[in-house]
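Notes to accompany the following structure.
Keep in mind that what you see is a predicted model, and the values were worked out from it rather than measured. Whatever order the structure lists them in is the order used to number ligands and atoms, beginning at 1.
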Amino acid sequence: MRRAIYPGSFDPVTNGHLDIIRRAASLADELIVAVVANPSKKCLFTLEERREMLAGCLEDLPNIKIVSFAGLLADFARQLDAQILVKGLRSAADFEYEAPMAHLNKSLNSGLETVFLLSSPALSFVSSSAVREIAALGGDISRMVPVSIAARLKDKFSL
Ligand code: PNS
C-alpha cells in the first residue's frame with residue numbers, strides 16, 4: 001500500500017491545495033490530508049471548521065482521508081505508516097523553505113520521502129493568507145477557492 005501524507009494548516013483550503021491533493025491522490029493508493037492543530041498559530045477557522053471545509057471539497061475522491069495532528073509530522077507519518085510526504089511548490093521561495101524541511105523530516109524519519117509537486121501555473125499566486133486578506137477587505141476570491149469556501153469566508157467576515 002503506497003500511502004502519502006499531505007500536511008498543512010488549510011486556513012482555509014484553496015484551489016491551489018485542491019489541485020495538489022487531486023494530483024497526489026492519483027499517484028498514491030491512499031492520500032492522508034493532515035490538518036495541523038497548531039495552538040501557537042492563530043487560525044481564522046477552527047480545526048473542526050478546516051477539516052469540515054476540506055471534506056466538503058473532496059467528497060468525490062475515494063482514496064482520501066482527512067485527519068488532524070499535533071506534534072512532529074515525521075512521527076505522525078511513522079504512526080500512519082506513510083512513506084511519502086507531499087509538498088506543493090509555487091515558487092523558488094517555496095523551494096528554499098521546503099528543501100531544508102525535507103532534509104529535517106528525512107533525518108527524523110528515514111522512511112519518509114518528500115515528493116514535491118509543482119503547482120499549476122494558473123494557481124501559483126494563490127495562498128491561504130492572501131485569500132483571507134482579500135476576503136476580509138471585500139475583494140474577489142472566486143478564482144482562488146471553491147464556492148463553498150468563499151461562502152464560509154463571507155460568513156466569517158460578516159459576523
Ligand atoms: O500550510 P502550512 O501552515 O504551511 O503547513 C505547515 C506544516 C503543517 C506542514 C508544518 O508546520 C509542519 O510540518 N508542522 C508540524 C510540526 C513539525 O513537524 N515541525 C518540524 C518540521 S521539520
Lining ligand 1 at under 4.0 Å, by non-hydrogen atom distance, are residues Pro7, Gly8, Ser9, Val36, Lys41, Phe69, Gly71, Leu72, Leu73, Lys87, Met101, Leu104, Asn105
Tracing side-chain contacts under 4.5 Å among Ile, Leu, Val, Met, Phe, Trp and Tyr outward from Phe76 reaches Ile5, Ile32, Val36, Val67, Phe69, Leu73, Leu80, Leu85, Leu112
**Message:** Do the side chains of Asp155 and Arg152 get close enough for a salt bridge, i.e. N-O under 4.0 angstrom?
**Reply:** no
Only residue of Val13, Ile66, Asp11 satisfying side-chain contact (heavy atoms from CB on, under 4.5 Å) with Val35 is Ile66
### Query
Is the closest side-chain heavy-atom distance between Cys43 and Glu49 below 4.5 Å?
no
Contacts of Phe45 meeting ring pair (Phe, Tyr, Trp, His ring centres under 6.0 Å) (sequence neighbours excluded), chain-then-number -> none
Ring pair (Phe, Tyr, Trp, His ring centres under 6.0 Å) filter on Phe10, not counting sequence neighbours, yields Tyr6, His17
